[in-house]
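In what follows, a single structure is set out as structure tokens and then discussed.
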Amino acid sequence: MDVLSVASEVYPLVKTGGLADVAGALPIALAGQGIHVRTLLPGYPVVRSQLKKKKPVYQYDDMQGGKASVVSVKVGGLDLLVLDAPHLFDRVGGPYGDPTGADWADNARRFAALGRAGADIAAGAIAGYAPGLVHAHDWQAAMTLAYMRYGAAASLPTVMTVHNLAFQGQFPASVFPSLGLPPQAMALDGVEYYGGVGFLKAGLQAASAITTVSPTYAQEIRTPEFGMGLDGLVNLRAGDLSGIVNGIDTEIWNPATDTHLAETYSVKSLKGRKANKRAIEDRFNLDRDDSPILCVVSRLTWQKGMDILVGAIDALAGMGVRLAVLGSGDSALEGALLAGAARHRGRIGVVIGYDEGLSHLMQGGCDAIIIPSRFEPCGLTQLYGLRYGCVPIVARTGGLADTIVDANEAAVSAGSATGFQFAPANIDAFLHAVHRAVTIYETPAAWKSLQLQGMKSDVSWEKSAARYAALFHRLASKGLGTI
Ligand code: ADP
């Protein structure tokens with residue numbers, strides 16, 4: 001089976017979050033299920049640099065105001081189709097915004113172009129390539145399904161995967177004429193969304209099936225609290241909605257071979273973690289003592305509950321634990337965390353920035369990872385934590401609820417506990433969970449049992465890829481197209 005995947009970021013080429021990890025890992029896992037995935041992504045500068053001497057497989061004289069082409073290239077195990085449209089994507093800055101962090105003003109055009117190219121490829125634009133299903137990731141790819149629905153590939157089955165419903169691609173109605181869709185598309189059951197144009201909404205409306213990245217999040221987005229304005233539509237489509245938890249790349253994330261670690265280790269012996277913990281103490285200027293080091297690797301945002309962490313900093317320091325934070329995001333939160341580190345020198349260390357290597361070292365050397373998210377579609381850092389024996393302390397929401405077994409008495413005595421859950425996501429509940437963790441940490445054998453149980457959890461893509469494969473086959477055999 002041939003599947004065309006459309007995504008705005010793909011690891012290892014370009015990554016701002018978990019979406020890239022999934023778009024980069026799922027094709028490789030699906031290959032093991034007999035499914036061949038080609039992935040269409042935009043030609044940002046980092047992607048274009050891979051394109052030397054590559055021939056276009058399809059060309060546009062005018063794609064949203066300039067010449068564009070689709071170029072086929074293989075990178076690692078990935079079979080990529082790059083939408084090379086320099087006027088839209090070849091610029092200094094991030095995939096979605098300029099270097100100051102402001103959204104690119106022409107994002108509607110940029111990702112409409114991605115969708116248009118996706119739909120054209122679905123309809124057979126590339127000679128000799130006829131995908132049997134199209135898989136769109138998040139709002140940036142969602143218009144693929146709208147263009148298919150109103151164009152030549154309306155009968156092909158499609159899957160819309162929501163990695164985060166908070167990002168919707170909502171634009172004013174004035175962008176509609178530039179999309180090149182027929183007038184009837186500007187309707188309640190089309191791309192119209194609260195008087196404007198909604199890219200994700202259009203994809204949710206058009207898809208044969210909708211998936212989110214965990215079963216709990218699939219249920220949560222049916223409620224007004226998590227549905228972010230789309231719960232009505234999500235409920236209408238509830239019969240086609242399911243949740244499939246993300247896996248992780250267990251080769252990249254393998255404490256036995258990880259070159260980012262000061263010392264490697266495995267489930268057979270956790271001794272190597274000590275050298276990593278020392279390296280963390282050095283990197284974050286933390287005191288050397290026997291207390292646990294809790295860590296955070298995260299976007300610093302309200303969604304991630306980073307204001308809860310900020311509110312709990314003094315109490316954490318008072319509990320005698322140490323804290324290492326790696327992240328970037330809201331400048332107010334960055335400032336508050338740095339201020340906390342200044343107040344508690346030796347106890348709290350903060351690195352503002354994005355550092356893939358350091359994130360590995362933290363999982364390999366810290367004792368626990370804190371994830372106090374208000375909502376979390378799946379979350380990856382708790383899965384890395386499980387794999388590295390860095391015990392997750394998580395808010396009970398979305399994928400965090402689905403992947404961590406709370407160390408309550410029953411789970412501890414059954415030997416099935418892998419971490420700590422708390423709810424609701426507030427300072428008191430969070431501190432209570434940390435207190436429970438610290439109490440267990442004081443009994444090394446009990447803590448080690450938590451670590452080992454987590455390290456034995458299956459966090460690979462295998463099970464999840466099989467679920468995607470089953471869904472794809474079911475849709476293909478039904479001959480279901482966009483509605
Ligand atoms: P989201 O996609 O919502 O940001 P996820 O937990 O699904 O959250 O994925 C976040 C990914 O980004 C993980 O791979 C995590 O390790 C990585 N990450 C987040 N912040 C940083 C950072 N400051 N430095 C390095 N990696 C980071």
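A quick note: this is a predicted structure, and the numbers were derived from the prediction, not measured. First listed ligand is number 1; within each ligand, the first listed atom is number 1.
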Counting C-beta onward and ignoring hydrogens, is there a side-chain heavy-atom pair between [X] and [Y] closer than 4.5 Å?
X    : Y    : value
L323 : F284 : no
F89  : L83  : yes
R322 : P292 : no
V37  : D79  : no

Closest approach of any protein heavy atom to atom 15 (C) of ligand 1, naming residue and atom: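 The answer is T381 CG2, 3.6 Å.
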Nearest non-hydrogen protein atom, atom 1 (P) of ligand 1: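 Looking at atom 1 (P) of ligand 1, the protein heavy atom closest to it is K304 NZ, 3.5 Å.
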Please confirm whether [X] comes within less than 3.5 Å of ligand 1 when only nitrogen or oxygen atoms on both sides are compared.
X    : result
R299 : yes
L380 : yes
G18  : yes
K15  : yes

Show which atoms of ligand 1 fall inside a sub-4.0 Å distance from at least one heavy-atom site of [X].
X    : result
Y384 : 13 (C), 14 (O), 16 (O)
D21  : 14 (O)
G17  : 2 (O)
G327 : 23 (N)

I'd like to know if [X] pairs up with [Y] as an ion pair, taking the criterion as any Lys NZ or Arg NE/NH1/NH2 lying under 4.0 Å from an Asp or Glu carboxylate oxygen.
X    : Y    : value
D406 : R436 : yes
D282 : R288 : yes
D106 : R91  : yes
E376 : K304 : yes

Criterion side-chain hydrogen bond (donor to acceptor under 3.5 Å, both in side chains) on R273 and N276, from CA distance to verdict: CA-CA 5 Å; R273 295 192 106 261; N276 298 324; over 6 Å; no
Nearest option to atom 23 (N) of ligand 1, as decided by whichever heavy atom of G399, S328, G353, A166 sits closest: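 Among G399, S328, G353, A166, the closest heavy atom to atom 23 (N) of ligand 1 belongs to G353.
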Shortest reach to atom 22 (C) of ligand 1 by a heavy atom, considering only Y354, Y11, F375: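 When every heavy atom of Y354, Y11, F375 is considered, Y354 comes closest to atom 22 (C) of ligand 1.
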How does [X] reach ligand 1, by side chain, by backbone, by both or by neither, if only non-hydrogen atoms under 4.0 Å count?
X    : value
T16  : neither
D355 : backbone
H163 : neither
S298 : backbone

Member of D307, T397, T301 meeting the side-chain hydrogen bond (donor to acceptor under 3.5 Å, both in side chains) criterion with R374: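 Option passing the side-chain hydrogen bond (donor to acceptor under 3.5 Å, both in side chains) with R374: D307.
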